[in-house]
Amino acid sequence: MHLSAATAALIAWASPALHAAVPLPDVPGIQAAYEEAYIATRGKPPGEHADDLQIQEAHCQPLRPGPGAACQIDFVRRREPEGRLYFDIVTLQQGEAGVAWILRSGLCMTKPAGRHAALKAEATSAAR
Amino acid sequence: MSVLSRFRREAAAALAPWLMAWTLPAGAATLNELPVLKSHGGVLDVLVVARGEKISHLGSLTTHGWVYDICPRPADGSDACPVKPPGTNLYGGTRLQLQPGDTLKMRLVNKLPMVLDSEHAGEPGGHYLASNPTNLHTHGLIVSPHYPTKNNPTYGDNIFVMTLNPDNPPPGDDDVVHGDVRFGFTEYEIKIPRSHPSGLFWLHGHIHGLTLNQLSSGMSAMITIGDPSEYLCKNAECSDFLQTLPVRHLMLKDTQVLKSGRMVTEQYPEFCKTKATRNEESRQGSCAGIHGRPTGGGRWFFSVNGQGYPHIPVAKGNGEIWRIVTASATVTYDLGLRDDQTGQDMLVQVLSVDGVAVQPDREATSAELRSMTGTRITTVACPADLGGGQLAHKALCATRIRMMPSSRVELWVAHRDANGRLAPAGSNASATLYTAGVQTGPAGDTWPWVDLAQVSFRGTAAANAPQVLSVTGDAQAEWRDPRRMSAELNAANAMFRPEADCQPLAAGHKRRIFMGFTPGGSVAFGLGYEELDENGQPVAGTFRDIEPFNADTPTVCLTLGPGNTPTVERWQIVNIASEDHNFHVHQTKFSLLSRDVINGRIVEHRGGVLHDNVPIPHADGECESVDDWRAGKCVADPMELEIPFTVAGDFAYHCHIGEHSDEGMMARIRVRANK
């Protein structure tokens with residue numbers, strides 16, 4: 001389907017308004033999603049979510065391609081008294097009934113030790 | 001003078017104007033200085049926008065690269081610099097001019113397009129690299145890599161943060177991302193100690209997996225601190241002479257462009273043949289892509305300040321100061337200044353290396369000068385000094401300079417005769433600034449021979465001109481005893497609290513770093529480690545085989561001295577590979593320790609020449625592992641470094657060949673404050 005230039009311009013103009021209509025998570029919503037993820041991964045090697053993250057701020061936008069949201073968050077670790085600020089980008093999707101958010105990526109320590117470890121793990125898996 | 005030689009001289013003089021016209025391509029543009037942004041009131045506050053840009057100044061092919069668009073921070077908080085006039089050459093770079101004691105504030109904004117040809121974006125865990133995240137590293141500065149806090153949400157020279165363009169996809173659940181991740185922008189605040197050396201530094205991105213791509217596409221800028229007069233010509237006579245020397249800044253970059261106009265950000269080492277083929281019309285500023293491959297019809301551009309084969313007019317007989325940054329992603333340059341009349345390399349005086357003035361001991365022998373500079377500089381005897389008085393330090397002269405990626409030098413360039421003495425230029429003298437083809441070992445790369453710029457000389461040096469300039473500044477003395485600097489850094493260092501796992505080396509111990517490939521089936525560049533005791537024997541339990549970069553776990557952890565005074569360590573770098581590597585460590589400078597072959601003892605040259613990167617020659621023979629090296633299957637030529645650590649924080653040491661560091665030849669080092 002080809003859009004006319006006028007239709008494309010109308011869509012471009014309306015995009016911010018459409019974005020505004022998409023629900024986006026707030027700090028309590030992201031904190032709850034993180035805590036859910038922490039409980040779900042606790043004790044499951046190779047790693048798990050840290051248990052002491054406290055989200056301070058969040059700036060969210062619709063995930064493209066969607067559905068869901070991508071948020072830059074800044075957070076502190078409760079066990080670090082010097083108040084270091086951390087930053088991450090998380091992606092979330094809305095759960096059933098549209099009330100809760102589910103953490104899809106970010107804030108996570110379940111990954112291999114590095115990109116190279118991931119590569120090695122895949123090579124090992126392929127060799128089997 | 002014989003009749004024949006007089007005839008030759010006269011004939012050469014008669015032909016020279018014609019030769020000049022022939023060698024200087026029609027319309028060869030005069031080299032432009034980089035645009036400069038200077039600090040005011042102790043602060044330089046800039047917006048650094050990383051973005052795509054059409055590049056049309058290099059030569060026959062127009063392409064699209066990525067550049068830093070740098071401007072004073074807009075008062076309205078905008079994340080865009082004012083629109084530049086048509087023809088602005090952003091690819092060439094910008095120079096940030098600071099003074100010791102200044103603060104460099106930068107707001108990095110990522111507006112980069114997606115990466116289309118990233119090798120590592122295709123690897124598991126690395127898909128986010130396609131979104132072209134970026135960050136900033138102030139290469140060579142001895143500054144804190146501090147992290148943000150609630151009270152100061154800025155980063156120092158911290159490479160463990162990446163900024164994403166929010167228009168590109170964020171990392172997904174299959175990506176392996178470490179460190180901080182941000183959308184849109186990141187604020188940096190780099191506090192430069194008052195006792196910081198004056199000299200030449202630079203700015204570039206440091207995303208593991210994309211360093212090669214972002215450098216080869218044009219993302220770098222120059223940083224200068226202070227002024228050459230702070231370390232040159234301290235006596236009155238020489239000082240007056242120095243004021244007659246223009247200072248020129250040269251940023252060397254190279255970029256590959258296919259026939260279609262598409263830039264190759266994942267640079268291909270065999271894009272061109274090493275030397276010009278018979279059918280290749282010119283190697284002025286570029287070399288032709290090899291035919292019969294995807295490179296056919298393409299060109300590899302080697303630019304100076306973003307200009308292809310510019311003309312550099314050295315307009316006065318006293319010559320000029322040239323400050324040169326090699327901002328190449330992977331290429332080793334072997335720089336020479338070839339006299340067009342004689343075909344011989346002209347002598348230049350090396351004033352500074354890697355941002356610190358050179359100050360070899362006055363009694364240093366030629367062999368000692370060579371060992372201080374590693375394999376970087378082809379040192380030659382300087383002409384006797386007739387005008388500058390007794391030099392406090394040995395002058396360092398050279399005919400060729402090997403510049404691996406990230407190297408910097410400052411040179412005094414003037415017209416000289418075959419004996420290296422200042423000589424009248426007449427009206428026709430010219431030379432060619434070029435890089436000779438470099439082979440970096442049996443398994444290494446072969447970098448092409450390219451002429452970089454045409455240089456014309458005019459005039460005669462002043463009657464009282466010294467043959468060499470005295471290099472007597474105090475920057476290196478500060479660094480030789482860096483306690484003042486460490487006192488200035490104390491507050492920043494204190495935020496990195498002591499850790500039980502970080503212990504100083506025992507007396508007489510040193511660290512050994514292996515450079516090579518990971519052992520076993522998966523071939524990747526990596527680094528290994530072990531500690532050596534006072535007898536040079538490995539300390540049990542410290543060996544870590546060569547492995548690729550692990551961003552999470554420091555390989556080396558050490559503690560500053562009592563009161564957070566500097567900790568000085570000795571490192572031995574062993575390259576077991578069959579190709580040269582370029583060892584670089586952040587947040588410090590090091591000196592090379594020379595091995596006195598006759599006496600079989602280590603001879604120290606503290607402070608003679610300081611480096612932040614140094615070529616580590618390849619091993620002879622074939623080693624696939626450290627075990628092979630221990631078994632004598634290859635013979636390495638280790639480099640011994642003395643490194644004073646004054647800065648606490650987490651940073652990195654790595655090979656500065658972009659392809660190698662991106663693939664994993666990098667390690668994390670952690671320096672912690674003392675109790």
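Each chain gets a letter, A, B and so on, in the order the sequences are listed, and its residues count up from 1.
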Checklist entry - Counting heavy-atom pairs under 4.5 Å to chain A, which of B/K150, B/R497, B/R182 comes out on top? => result B/R182
Checklist entry - Can you find a side-chain donor-acceptor pair between B/T330 and B/H660 that sits under 3.5 Å? => result no
Next on the checklist: Given heavy-atom pairs under 4.5 angstrom as the criterion, report whether the side chain, backbone, both or neither of A/I73 touches chain B.
Outcome noted: neither
Item to check | Contacting region of A/V90 [heavy-atom separation from chain B under 4.5 Å] | outcome: neither
Checklist entry - For the rings on B/H206 and B/H654, is their centre-to-centre separation under 6.0 Å? => result yes
Checklist entry - Are a donor atom and an acceptor atom from the side chains of B/T559 and B/N674 found within less than 3.5 Å of each other? => result no
Item to check | Side chain, backbone, both or neither of B/D167 within contact of chain A (heavy atoms, under 4.5 Å) | outcome: both
Next on the checklist: Hydrogens and angles aside, do B/N158 and B/H146 bring a side-chain donor and acceptor to less than 3.5 Å of each other?
Outcome noted: no
Checklist entry - B/F160 versus chain A, heavy atoms under 4.5 Å apart: side chain, backbone, both or neither? => result neither
Checklist entry - Heavy-atom distance under 4.5 Å to chain B: side chain of A/R84, backbone, both or neither? => result both
Checklist entry - Are B/E189 and B/Y155 close enough, and set up right, to give a side-chain contact (heavy atoms from CB on, under 4.5 Å), and what steps lead you there? => result CA-CA 6 Å; B/E189 190 173 289; B/Y155 290 82; over 6 Å; no
